[in-house]
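The structure under discussion appears below in the form of structure tokens.
Every chain is numbered from 1, with letters handed out A, B, ... down the list of sequences.
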There are 2 protein chains.
Amino acid sequence: MATPANLPGDGTRATLAQVAARAGVSASTASLAFSGAGPVADETRERVLAAARELDYGGPDPRARSLRTGRSGIIAVVMEDRIRVAFRDPMVVTLLDGIADEIGNAGYSLLLLTDSLERAEGGLRDAPMDAALLLGCSTDLDPAVRVLSQRQVPLIGVEAEPRQGLPMVDIDNRAGMRRLAEHFAELGHERVAVITLPMDRDHTRGPLTQVWQDSSVAYTGLERLSGVRDVFPDAPAVVAAGSLIEEGLIAARALLDAEPGLTAIVGQSDLLALGAIQAAEERGLRVPQDISIAGFDGARIDGLSRHRLTTVVQPSVEKGRAAARLALAALAGEPVENIAFTTELRIGDTTASPRRG
Amino acid sequence: MATPANLPGDGTRATLAQVAARAGVSASTASLAFSGAGPVADETRERVLAAARELDYGGPDPRARSLRTGRSGIIAVVMEDRIRVAFRDPMVVTLLDGIADEIGNAGYSLLLLTDSLERAEGGLRDAPMDAALLLGCSTDLDPAVRVLSQRQVPLIGVEAEPRQGLPMVDIDNRAGMRRLAEHFAELGHERVAVITLPMDRDHTRGPLTQVWQDSSVAYTGLERLSGVRDVFPDAPAVVAAGSLIEEGLIAARALLDAEPGLTAIVGQSDLLALGAIQAAEERGLRVPQDISIAGFDGARIDGLSRHRLTTVVQPSVEKGRAAARLALAALAGEPVENIAFTTELRIGDTTASPRRG
DNA sequence: AGAGGCGGTCGAATCGATTCGACACCCGAG
DNA sequence: CTCGGGTGTCGAATCGATTCGACCGCCTCT
């Protein structure tokens, strides 16, 4: 069990120098033979590769290479939540997919750092990386930013709070939500409530208090809220503990209890909205006849609900791709600038005019 | 935009040697001051750290460190599907969460390699890593195994086909399914069908053909199938294109069309089973009165379905943790052995005796 | 008082590759 | 015949840290 059967059991890897010696060339030439940079006679290259095969040499050691070249071929993604939590959000998954695809095409690999604060310091400080993408909206990422920029690692923010010197990819959260709110207004709604994304790292539930609104912890959530309040300045809001259906359910129950005259609920994500639909239905309210419900994201959610949710569609995969391209550009020394995507209102069958009376 | 505001703009990082010089000590001592290994006078350490602060030195370069120590602090996870696909499966997510948690605690970071075959060769060959976990059941991972073991990277398999010299973490897929099948038998079912996990990389749908059964591409799926067939040798099976609700829906429709007398459907995952429930209900069949449906995994699925699904519960997070621990053990030079978890039948309200007649 | 041990520091070797400038050689053109 | 230029190869420096052995006081124990 110690040595897999398919290994020659010597236990220590051959080095480029050994391969070169065996092939009767210098290390420099052997290096060229592997990397393909610089001119090498075909016959020489063959000899080197043959020697490598004989020694079971699998190519240059990434560690040594990366010391010398200053590149590790790794781009990190820093998230706030642990995987189990973050990846239940389809938006995170698609975003990550876009990132992975783009950097993969460029020959980079993806390092996943879930910033469990203290602990991740380890990863942030010690892991090799050529660039890092910061996911999430909280200013708690601050220490991460400090550590990484001290390490001179190019940083790109995604859905992050704008910050001096941090290039960003974002969407027009506020404008998108405003358009949705206008849609509600046009339908004749007056009492609209909001279920927001989590506002702090502890994922505290409850009515949105002034404290949160001031401390701008959760940039995305507050932006989306502003969009709604541009149209309905007094719209009450409840904070959910996560972008999850069951959290939408919990929050919507609270809203329905606290705000009797409600005719519409906006979830700051599609999952939250779906939870709200469940909450409405469990009280015998029909959607959209008795109450209108809309979300945000345009997530394609597998096998759920008979409704086509009215929502604000954002290009999540593209956002990931763009962020990755920004990182690659930064690595190439090209200028990096902010990118903002626009969202699009998609009207489904979960919104309608409120009943009169 | 070129240099973030919080950086001193010199553009080149200080080195340990410079810090040491500035502190008036040797590089060796400075190194000790940072790593904490070896004795350093408090006053000296202070001086070193102060010098580091003045030079904005963020600690030793991971690249150099990893060349010298032979460790990169990175453990890779190799998956077959691209992120968007793989992460829709809650089992993959929880598994990964377990892995990330465990290796994070040990100070390692997680490198995500989605093995898009040709392309990932890049990552597999060039990315620094101290160990790798191979996720998935397909023999297509073969090239990955070859490349990595040539690089002397310790390998651990998860849900992989048993293979000489590849330590593994697995569950008793077959026994678990057999117990579920026995449950059906006890209830009096005779016509039981199976919806299987994907059987090849192309995610081909359709009735399970002999070809697939021979080529043992998808180890897990075939094991789970065997478990059912231990009890119902002739149980028909349809292959789904993914572990997704909508795939379960599609497959179950096909089954209901093709097998009129069916009284029970086993999904090889909970998502597939949920799809099957939807398929049944859209035909007016009540679950479990008209048809019994069960799954596998014991996934906690957010906000779905009014049923408590009968299922075979597997310890997914624990599986991840165990795999991670195996990798860590291998790195520590400790002996590594296979680990098998056992599953547990959890009876919900989606299974009952078939109606007489 | 001498020996041994320990805390603290330093030099030098080392990890395994990449890369740049130099060099030798051969060819064709002038 | 010689010079210029391209091709293929090599030596040596370099990337930035870690680590091992040596060294030097100084304290303690006998």
Each nucleotide N or O in nucleotides 4-9 of chain D that has a protein N or O under 3.5 Å away: list the pair and distance.
from	atom 1	to	atom 2	distance (Å)
D:dT9	OP1	A:Thr44	OG1	2.3
D:dT9	OP2	A:Ala41	N	2.9
D:dT9	OP2	A:Thr44	OG1	3.3

Where do N or O atoms of nucleotides 21-26 of chain D meet protein N or O atoms at under 3.5 Å, pair by pair?
none

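Distance check: B:Ile83 CD1 to A:Leu96 CG gives 4.5 Å after rounding to the nearest 0.5 Å.
Taking A:Tyr108 as the reference, nothing meets the ring pair (Phe, Tyr, Trp, His ring centres under 6.0 Å) condition, with sequence neighbours excluded. Checked against side chain to side chain contact (heavy atoms under 4.5 Å, CB included), A:Ser72 has the following partners two or more places apart in sequence or in another chain: A:Ser66, A:Ile74, A:Pro128, A:Asp130.
Under the salt bridge (Lys or Arg N to Asp or Glu O under 4.0 Å) rule, B:Asp126 has a single partner from A:Arg65, A:Arg63, A:Arg71, which is A:Arg65.
Salt bridge annotation for A:Asp101-B:Arg84: absent, with no cationic side-chain nitrogen under 4.0 angstrom from a carboxylate oxygen.
Put simply, chain B comes within 4.0 Å of DNA chain C, heavy atom to any atom, from C:dG8 to C:dG16, going 5' to 3'.
For the residue pair A:Ala86 and A:Met79, the shortest heavy atom distance occurs at CB-CE, 3.9 Å.
The stretch residues 66-73 of chain A comes close to DNA chain D through A:Leu67, A:Arg68, each having a heavy atom under 4.0 Å from the strand.
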Inset, instruction - Applying side chain to side chain contact (heavy atoms under 4.5 Å, CB included), run through A:Asn338 and A:Asp170 and close with a yes or a no. - result: CA-CA 8 Å; A:Asn338 291 354; A:Asp170 210 346; over 6 Å; no
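A:Tyr57 comes within 4.0 angstrom of the backbone, heavy atoms only, and of no base.
If you find the closest nucleotide of DNA chain D to B:Arg63 and to B:Ser28, the one lying nearer the 5' end belongs to B:Arg63.
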